[in-house]
**Student:** 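Quick one: this structure, given as C-alpha cells, is what I'll be asking you about.
All values reported here derive from a predicted model rather than from experimental measurement. Reckoned from all heavy atoms, side chains included, excluding hydrogens, waters and symmetry mates. By convention here, the first residue in the shown sequence is residue 1.
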Amino acid sequence: MPQTESKKQVGFATHIIAGGMAGAMETLCCQPLDTIKVRMQLSRSGRAPGTKPRGFIATGAMIVRRETPLALYKGLGAVLSGIVPKIAIRFASFETYKSWLADKVTEQTSVGNIFIAGLAAGTTEAVAVVCPMEVVKIRLQAQQHSLADPMETPRYRNAAHAVYTIVCEEGVATLYRGVGLTALRQATNQGANFTTYQELKKLAYRYQPELLALPSYQYMVIGLISGAVGPFSNAPVDTIKTRLQKATYEPGTSAFQKVAAIAKEMWKQEGFRSFYKGITPRVLRVAPGQAIVFAVYERVRAIIERLNVSPSHDHYTE
C-alpha cells in the first residue's frame with residue numbers, strides 16, 4: 001500500500017497547531033515580498049510614454065529608503081491574526097470536501113475531484129478569513145509614511161485601528177469588498193496547489209518506496225513547485241482585487257461597475273502588462289511560502305502524531 005494511504009488520522013486540533021505554526025513562520029519570512037507586491041500593483045508608474053513601471057528591486061529599495069526597513073512589514077498584524085484560522089480552515093475544509101467527493105467503494109479521490117475540493121477549500125477560506133484580512137492588510141501596506149518620523153501620523157495606526165476606522169466610516173460591507181475576486185483567486189490557487197502537491201508527493205513516494213516519510217527538503221521542493229502554479233493563472237484577478245480593496249467609491253456603485261472601471265482604466269492607461277504588475281514578488285512570496293507551510297505543517301503534524309496529543313477523530317490525509 002502506498003505510504004500516502006497509510007497515514008495516521010490527524011485530529012482537528014492538529015490542523016490548528018500545525019497549520020498555525022506553519023502559517024506564522026511563512027508570514028514572518030515572506031511578508032516583505034507581499035508588501036512590495038502590493039505597492040507595485042498600486043503603482044501608477046510607467047504611464048508616461050517612454051517610461052517603464054518601477055521594478056521589484058526598485059520598489060523595495062524605495063520603501064526602505066523613504067519609510068525604513070520596518071515598513072516592509074506593514075500589515076503584519078492583520079496577516080498574523082488571520083493566518084491561524086486561514087490555514088486551519090484550508091486544510092480542514094479541503095479534507096471534508098475531498099471525502100465527500102471520494103469514490104464510495106474505493107474511498108479514493110480522483111485528480112479532478114481533488115482539484116474541485118481545492119477550489120471549494122479556497123473559496124471557503126476566502127469568505128471566512130482572507131477577504132476581510134486582506135482589506136485591512138492592503139490599507140496598511142498602502143500607507144507611505146516613514147516609520148522613522150514620529151510626527152508623520154498614518155491614517156491607520158495598526159490592524160485593530162484599521163478595522164475600527166473602516167467599519168465606522170465605510171461600513172462592515174467594506175471588509176468584504178472584492179470578496180468575489182478574492183474567492184476566485186483563492187479557489188484557483190488552492191485547486192492548483194493541492195492537486196500539484198498531492199500528485200508530486202505521490203510521485204516522490206513511488207520513486208522512494210522504502211521511505212516512511214519524505215525528508216523536509218522534499219516537502220519544501222514539492223511545496224515550492226505547487227505554490228508557483230497559481231499566481232501565473234490568476235495574476236490579473238489579484239491585481240484588480242488589490243486596487244478594488246484600496247479604493248473608495250460612492251454609495252450605490254455596484255461591484256461589477258467597480259471592477260469594470262478598474263480594468264478599463266488599467267487597460268487604457270497602463271496597458272496589458274499592468275495586469276501582471278507584482279507577479280515577480282507574488283511568485284517569490286507565494287512559492288517559498290507554500291514550501292515553508294507544507295514543510296512545517298508536515299513536520300509539526302508528525303511530531304504531534306508521535307506525541308498522541310490530538311483527541312479528535314476528524315482527519316486529514318495527504
**Student:** Would you confirm whether Q143, through its side chain, and Y156, through its main-chain N or O, come within 3.5 Å as a donor-acceptor pair?
**Tutor:**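 Checked: pair present.
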**Student:** Check for me, please, whether Y176 and M133 land in the same ILVMFWY cluster - side-chain distances under 4.5 Å, paths through other members count.
**Tutor:**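 No, separate clusters.
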**Student:** Going from CZ on R301 to CD1 on I303, what distance comes out if it is rounded to the nearest 0.5 angstrom?
**Tutor:**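 That separation rounds to 12.0 Å.
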**Student:** Tell me if a side-chain donor or acceptor on S43 pairs with a main-chain N or O of R39 at a distance below 3.5 Å.
**Tutor:**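 Not at all, since once roles are kept as given, no pair shorter than 3.5 Å links the two residues.
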**Student:** For the pair R243 (side chain) and I262 (backbone), establish whether a donor and an acceptor sit closer than 3.5 Å, ignoring hydrogens and angles.
**Tutor:**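 No; judged by distance alone, with no hydrogens or angles, the pair does not exist.
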**Student:** Under 6.0 Å between the ring centres of F91 and Y297?
**Tutor:**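 When the ring centroids of F91 and Y297 are compared, they turn out to be within the sub-6.0 Å range.
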**Student:** Mind checking whether L140 and N158 have side chains closer than 4.5 Å, heavy atoms only?
**Tutor:**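 L140 vs N158: side chains apart.
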**Student:** Spell out, as yes or no, whether a donor-acceptor pair under 3.5 Å connects the side chain of Q269 to the backbone of E265.
**Tutor:**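 Not a single qualifying donor-acceptor pair exists.
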**Student:** What do you reckon, is CG of L203 surrounded by more than 12 foreign heavy atoms closer than 6.0 Å?
**Tutor:**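 Yes, enclosed.
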**Student:** Report yes or no: do V127 and V163 belong to one cluster of Ile/Leu/Val/Met/Phe/Trp/Tyr joined by side chain heavy-atom distances under 4.5 Å?
**Tutor:**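 Same cluster.
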**Student:** Take T280 and K37 through the side-chain contact (heavy atoms from CB on, under 4.5 Å) test and state the conclusion after the steps.
**Tutor:** CA-CA 8 Å; T280 299; K37 181 212 75 170; over 6 Å; no
**Student:** Would you say K137 and Q141 are linked by a side-chain donor-acceptor pair, where the criterion is simply a distance under 3.5 Å?
**Tutor:**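 K137 and Q141 do have a side-chain donor-acceptor pair below 3.5 Å.
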**Student:** Between I87 and G23, which heavy-atom pair has the shortest distance, and what is it?
**Tutor:**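 For I87 versus G23, the nearest heavy atoms are CG1-CA, 4.1 Å.
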**Student:** Under a 3.5 Å cutoff, is there a donor and acceptor pairing between the side chains of R299 and S216?
**Tutor:**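 Note: R299 and S216 side chains meet the donor-acceptor criterion.
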**Student:** Any chance you could measure E210, atom CD, to Y205, atom OH, to the nearest 0.5 Å?
**Tutor:**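 So the CD of E210 and the OH of Y205 are separated by 11.0 Å.
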**Student:** Please say yes or no: joined through hydrophobic side-chain contacts below 4.5 Å, possibly via intermediate residues, are I57 and M40 part of one cluster?
**Tutor:**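 Yes, because I57 and M40 connect within a single hydrophobic cluster, where side-chain heavy atoms sit under 4.5 Å apart.
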**Student:** Consider only side-chain N and O atoms of E26 and Q290, and report whether a donor and an acceptor are under 3.5 Å apart.
**Tutor:**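 No pair is found: no donor N or O on one side chain lies under 3.5 Å from an acceptor on the other.
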**Student:** Has the side chain of N113 got a donor or acceptor atom that lies under 3.5 Å from a matching backbone atom of L101?
**Tutor:**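 A pair under 3.5 Å: yes.
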**Student:** Would you say I89 ends up clustered with V130 if hydrophobic residues are merged whenever their side chains have heavy atoms under 4.5 Å apart, either directly or through other cluster members?
**Tutor:**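 No, V130 and I89 fall in different hydrophobic clusters.
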**Student:** Evaluate the criterion side-chain contact (heavy atoms from CB on, under 4.5 Å) for residue pair K241 and I138; output intermediate values, then yes/no.
**Tutor:** CA-CA 10 Å; K241 176 202 69 69; I138 288 170; 3.7 Å; yes
**Student:** OG1 of T123 to CZ of R185: how many Å apart, nearest 0.5 Å?
**Tutor:**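 Atom-to-atom, T123:OG1 and R185:CZ are 12.0 Å apart.
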**Student:** I'd like to know if the side chain of Q31 reaches the main chain of K74, judged simply by a donor and an acceptor atom lying under 3.5 Å from each other, with no hydrogens or angles considered.
**Tutor:**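 Indeed, once roles are kept as given, a pair shorter than 3.5 Å links the two residues.
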**Student:** So, the side chain of Y73 versus the backbone of T35: is there a donor-acceptor pair under 3.5 Å, distance only?
**Tutor:**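 No, because the side chain of Y73 does not come within donor-acceptor range (under 3.5 Å) of the backbone of T35.
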**Student:** Shortest non-hydrogen contact from G77 to A159?
**Tutor:**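 Smallest heavy-atom distance, with atoms named: C-CB, 4.2 Å.
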**Student:** With a 4.5 Å cut-off on side-chain heavy atoms, are L244 and V259 touching?
**Tutor:**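 In contact.
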**Student:** Are there over 12 heavy-atom neighbours, none belonging to M62, within less than 6.0 Å of that residue's CE?
**Tutor:**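 Yes, because the 6.0 Å sphere around CE of M62 holds more than 12 heavy atoms from other groups.
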**Student:** Using every non-hydrogen atom in the two residues, find where A24 and L80 come nearest and quote the distance to one decimal.
**Tutor:**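 Scanning both residues, the minimum pair turns out to be CA-CD2, 4.1 Å.
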**Student:** How long is the span from the CD atom in Q218 to the CG atom in L224, to the nearest 0.5 Å?
**Tutor:**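 That separation rounds to 13.5 Å.
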**Student:** At their closest point, which heavy atom of V111 faces which heavy atom of E199, and how far apart are they?
**Tutor:**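 Smallest interatomic distance, heavy atoms only, reads CG2-OE2, 3.4 Å.
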**Student:** Is the side chain of T195 donor-acceptor paired with the backbone N or O of A192 at a distance under 3.5 Å, no angle test?
**Tutor:**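 No, the answer is negative, given that no donor and acceptor are paired below the 3.5 Å cut-off.
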**Student:** With the side chain counted from C-beta on, respond yes when F275 and W267 share a heavy-atom pair under 4.5 Å apart, and no when they do not.
**Tutor:**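 Yes, their side chains come closer than 4.5 Å.
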**Student:** Taking only residues two or more places apart in sequence, or in another chain, which ones meet W100 in a ring pair (Phe, Tyr, Trp, His ring centres under 6.0 Å)?
**Tutor:**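 Ring pair (Phe, Tyr, Trp, His ring centres under 6.0 Å) list for W100, sorted by chain: Y97.
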**Student:** For a side-chain contact (heavy atoms from CB on, under 4.5 Å) check, start with the C-alpha distance between M266 and F272, then their side-chain angles and the critical distance, and finish with the verdict.
**Tutor:** CA-CA 8 Å; M266 289 174 62; F272 173 78; over 6 Å; no
**Student:** May I ask you to check whether F94 and F194 place their ring centers less than 6.0 Å from one another?
**Tutor:**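 F94 vs F194: aromatic centres under 6.0 Å.
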**Student:** Should Y197 and L211 be counted in the same cluster of Ile, Leu, Val, Met, Phe, Trp and Tyr side chains packed under 4.5 Å apart?
**Tutor:**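 Yes, it is one cluster - the side chains of Y197 and L211 are joined through contacts under 4.5 Å.
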**Student:** For the residue pair A235 and I279, what are the closest heavy atoms and their distance?
**Tutor:**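 It is CB-CD1, 3.8 Å.
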**Student:** Do P231 and N189 come within less than 4.5 Å of each other through their side chains, counting heavy atoms only?
**Tutor:**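 Yes - at least one pair of side-chain heavy atoms lies under 4.5 Å apart.
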**Student:** A side-chain contact here means heavy atoms from C-beta on lying under 4.5 Å apart; do S226 and F294 qualify?
**Tutor:**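 Answer yes - side chains close enough.
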**Student:** Any carboxylate oxygen within less than 4.0 angstrom of a Lys/Arg side-chain nitrogen, looking at R139 and E134?
**Tutor:**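 Not counted as a salt bridge, because no side-chain N and carboxylate O are separated by less than 4.0 Å.
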**Student:** Between F56 and I36, is the side-chain contact (heavy atoms from CB on, under 4.5 Å) condition met? List the steps.
**Tutor:** CA-CA 7 Å; F56 166 61; I36 295 172; 3.5 Å; yes
**Student:** Please check: side-chain N/O of T68 versus main-chain N/O of V64, any donor-acceptor pairing under 3.5 Å?
**Tutor:**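 Looks like no, no N/O pair under 3.5 Å.
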**Student:** Once rounded to the nearest 0.5 Å, what's the spacing between atom CD of Q108 and atom CD1 of I114?
**Tutor:**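 Interatomic distance, Q108 CD to I114 CD1, rounded to 0.5 Å: 9.0 Å.
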**Student:** Side chains of N234 and R282 only: does a donor on one sit below 3.5 Å from an acceptor on the other?
**Tutor:**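 Present: a donor and an acceptor within the cut-off.
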**Student:** Atom NZ in K202, atom CD1 in I222: separation rounded to 0.5 Å?
**Tutor:**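 One gets 12.5 Å once the value is rounded to the nearest 0.5 Å.
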**Student:** Do you know the tightest heavy-atom contact between N193 and G227?
**Tutor:**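 So the minimum-distance heavy-atom pair works out to OD1-N, 4.0 Å.
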**Student:** Are side-chain heavy atoms of C131 and L175 found at a separation under 4.5 Å?
**Tutor:**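 Not in contact.
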**Student:** With a 4.0 Å cut-off, would you call R90 and E125 a salt bridge?
**Tutor:**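 Salt bridge: yes.
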**Student:** Taking Q208 for its side chain and L214 for its backbone only, find out whether a donor-acceptor pair lies under 3.5 Å.
**Tutor:**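 Not at all, since once roles are kept as given, no pair shorter than 3.5 Å links the two residues.
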